[in-house]
Amino acid sequence: MTADTGSPALRPSHDGAITARSVTVAIESSVGSAVEIAAAGLVIAEIAILFGGVISRYVFDRPLVWSDELASTLFLWLAMLGAVIAFHRDEHMRMTACVGMLPGPARALLDSLATGASLAFLLLIVWPAFQYASDELPITTSALQITDAWRAAALPAGIGLMIIFALLRLTRAASAKAIILSLGLIALVVVLFWLSAPLFHRLGNLNLLIFFVGVVATAVFAGVPIAFAFGLAIFGYLALATHTPLMVLVGRVDEGMSHLILLAVPLFVFLGLLIEMTGMARALVGFLADLLGHVRGGLHFVLVAGMYLVSGISGSKAADMAAVAPVLFPEMKARGAKPGDLVALLSATGAQTETIPPSLVLITIGSVTGVSIAALFTGGLLPAIVLACLLCFVIRWRYRGEDLSQVTRASKREILRSFVVALPALALPFLIRAAVVEGVATATEVSTIGIVYSVAAGLVVYRRFDWAALRPMLVSTACLSGAILLIIGTATAMAWGLTQSGFSRTLAAAMTGLPGGAVSFMAASIAAFVVLGSVLEGIPAIVLFGPLLFPVAKAVGIHEVHYAMVVILAMGIGLFAPPFGVGYYAACAIGRVEPVAGMRPICGYLLALVIGTIIVAAVPWISIGFLD
């Protein structure tokens, strides 16, 4: 969004208007900086509390009984302040494919509309959030003996801050005409829906189609951030079609955002940024390049293997791609690789590695479905190898005639040296998994072990630690985590609404009754999650549909871990497949390649991914063969 200097409020010739705009920018910057400092401090505090709990319990055999309570209290504040930062930076997840195809004026209007719709949800929910926090005053925590209102107050505080930023963004970035038109349209829609409340009460479960399909689809395709699209849908459904108190909605959002397992999300995001900053990712890729760089398509094989190994550390696809692509792409281009093919393979490897622990999607599935995190971590390694082998087959075919006359093969001494350099980085994925499986730490706590290990490796082994980059990394961690967790919160509320309506029982009956039993159910799930992955991304799709479909999978005889691997791979294909896959455009941005360049080359890789997903679906042993 850009300022319309033709508007009377912003025209440079009016000194008063310029002063007002400067004040707005100054307020926004000051409040934003204060929130960022607080959020960065909370990330550090969570790392210290959880790692201290591991040391106290495992080393000194003296568990800190208050650590989980304090971590949970601070976590909700971290999630809400992270959501505020994401709102301030305009980094909440949204679908922009349709909006981006519109001409400038229409795009500016929809941007204002998206901000206005987000503001409408925040204004509607702020009073129920305050009431919810007030009702927590009599509740006292068992270990810390403090009122739970200290934790719940994060909800109205975060919502209030987002309201401030929404108002500042509208006054600073949009023209007066766009503001009036967008807010007027939103007000009209709200009034029409409110007047239609008696009709909604008579429609029964048809309201699910109106709100959870119609409202969500309209808002998402109009560019409204996914979290706020979900929020508007569930608020409208509960307020207009049921007699449910709106505080219940806030409670479900709280429940979705503050599950302690999800504390792994910000910690693994920070770990991913850390391994890139300390040079661990570069060391991994350097070793693989020395090992395979002399064979035809060698660096492409390195890209596949590098993404596999880095994914086992970071848990974030964006962090994975940002760690690997800048290291490999220059040399690959120098060898004649086309930029479009590079970004196509980068996207395909992003989809291929979605099941590799500690994937944020795996953690989310464990949180919302109750499936063992340790079992998911174990089950996710082999499916990714199956897909990697198929991608390598495509690479081998495409680059069978590559000219390597100018490539120097690394000597055994050089390979050994790069292996020794990469060894601390290679050990980290195994350390993370071993700590979970052996019971040293939970799936949440193990990330802090990885963080401390990475800091030590960066300072002592790689001698590369940029202290100045630490604050931006902490803020980025809070920002991405807040965006993810707010989606989980509002999607949890939607899933609760679907369950209360009886839809889950209807869906379970319909899916269970499909002809062909488990085979038909699995095929329908793959098709559905490919679509959901391209529209909603993996985490919101899992939070919304996981609690509904996983019990059905179990009922038709499909192992929960096996089903998890299949739906994750299917969502990964949707997420990284053009023209709608958001992950594909993220790969293009990281690789600095025009999106159109990779659309043809990615077809072969996508075919390999689809075949691999079918193989994983058809052979359950690939997912569950190593479970105890």
Side-chain angles (χ1 to χ4, degrees), residues 31 34-35 37-39 41-43 45-46 49 66 68-88 92 118-167 227-228 230-232 234-239 242-263 265-266 367 478 481-497 543:
V31 177
V35 173
I37 291 170
L42 287 171
V43 175
E46 293 285 20
I49 292 167
W66 49 265
D68 280 356
E69 273 190 12
L70 181 57
S72 178
T73 298
L74 297 181
F75 178 43
L76 187 58
W77 279 95
L78 172 59
M80 289 305 299
L81 293 183
V84 172
I85 296 170
F87 199 98
H88 172 45
H92 274 286
S118 302
L119 176 61
F121 170 69
L122 294 168
L123 291 172
L124 290 168
I125 203 69
V126 65
W127 177 246
F130 178 78
Q131 290 179 307
Y132 177 78
S134 299
D135 283 359
E136 296 294 302
L137 276 170
I139 301 174
T140 303
T141 61
S142 57
L144 294 174
Q145 289 297 300
I146 61 173
T147 173
D148 198 50
W150 284 109
R151 186 191 64 83
L155 292 162
I159 291 169
L161 286 168
M162 282 189 277
I163 289 173
I164 292 172
F165 281 121
L167 293 170
F228 297 97
F230 285 178
L232 286 168
I234 185 59
F235 183 94
Y237 173 71
L238 294 181
T242 73
H243 299 286
T244 306
L246 293 176
M247 277 196 303
V248 173
L249 165 59
V250 181
R252 299 287 75 76
V253 172
D254 178 9
E255 179 186 344
M257 294 181 69
S258 58
H259 199 302
L260 197 59
I261 290 177
L262 293 176
L263 183 51
V265 172
S367 170
S481 303
I484 291 172
L485 292 166
L486 188 60
I487 289 177
I488 292 177
T490 53
T492 299
M494 280 186 65
W496 178 84
V543 175

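None of these values were measured; they are calculated from a predicted model.
- Of the possible donor and acceptor atoms, none in the side chain of Trp77 sits under 3.5 Å from a partner among the backbone N and O of Ala38.
- Smallest separation of non-hydrogen atoms from Ala86 and Ala483: CB-CB, 4.1 Å.
- Of the inter-residue distances, the one linking Ser258 atom OG with Leu74 atom CG reads 12.5 Å to the nearest 0.5 angstrom.
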Val31 vs Phe165, test: side-chain contact (heavy atoms from CB on, under 4.5 Å). Steps then yes/no. CA-CA 9 Å; Val31 177; Phe165 281 121; 3.7 Å; yes
After noting the C-alpha distance and the side-chain angles of Thr140 and Ile146, does the key distance pass the side-chain contact (heavy atoms from CB on, under 4.5 Å) rule? CA-CA 5 Å; Thr140 303; Ile146 61 173; 5.9 Å; no
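- The two atoms that bring Val43 and Ala478 nearest to each other are CG2-CB, 4.4 Å, heavy atoms only.
- Taking all atoms of both residues into account, the shortest heavy-atom contact from Leu81 to Val35 is O-CG1, 3.8 Å.
- In this structure, the side chain of Ser134 engages the main chain of Phe130 through a donor-acceptor pair within 3.5 Å.
- The two residues Ala83 and Leu486 come nearest to each other via the heavy atoms CB-CD2, 4.2 Å.
- Trp496 is not listed as a side-chain neighbour of Leu249, based on a closest heavy-atom distance of 4.5 Å or more.
- Here the CG-CZ distance, from Leu246 to Phe235, works out to 4.5 Å after rounding to the nearest 0.5 Å.
- Listed for the Thr147 side chain is a donor-acceptor partner under 3.5 Å among the backbone atoms of Leu137.
- For His92 (side chain) and Ala227 (main-chain N/O), no donor-acceptor pair under 3.5 Å exists by modelled atom type.
- The distance from the CG atom of Leu263 to the CG atom of Leu485 is 9.0 Å, given to the nearest 0.5 Å.
- Contact detail for Ile234 and Ala493: the closest heavy-atom pair is CD1-O, 3.6 Å.
- Of the listed residues (Leu124, Leu123, Ile125), just one forms a side-chain contact (heavy atoms from CB on, under 4.5 Å) with Ile159, and that residue is Ile125.
- Using modelled atom types, one side-chain atom of Glu46 and one backbone atom of Phe75 make a donor-acceptor pair closer than 3.5 Å.
- Note that CG of Leu70 and CD1 of Ile49 are 3.5 Å apart. Values are rounded to the nearest 0.5 Å.
- Counting all heavy atoms, side chain and backbone alike, Gly158 lies closest to Val84 at O-CG2, 3.4 Å.
- One distance of note links CG of Leu122 with CD1 of Ile164; it measures 11.0 Å at 0.5 Å rounding.
- A heavy-atom distance below 4.5 Å is not found between the side chains of Trp66 and Gln145.
- Judged by distance alone, the side chains of Thr141 and Glu69 do bring a donor and an acceptor atom under 3.5 Å apart.
- Here the straight-line distance linking atom OG1 of Thr73 with atom CG of Leu42 works out to 11.0 Å at 0.5 Å rounding.
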Could you go through Trp127 and Met247, starting from their C-alpha distance and side-chain angles, then the distance that decides it, and tell me whether this counts as side-chain contact (heavy atoms from CB on, under 4.5 Å)? CA-CA 9 Å; Trp127 177 246; Met247 277 196 303; over 6 Å; no
CA sep, side-chain torsions, deciding dist, call: Met80, Met257, side-chain contact (heavy atoms from CB on, under 4.5 Å): CA-CA 9 Å; Met80 289 305 299; Met257 294 181 69; 3.6 Å; yes
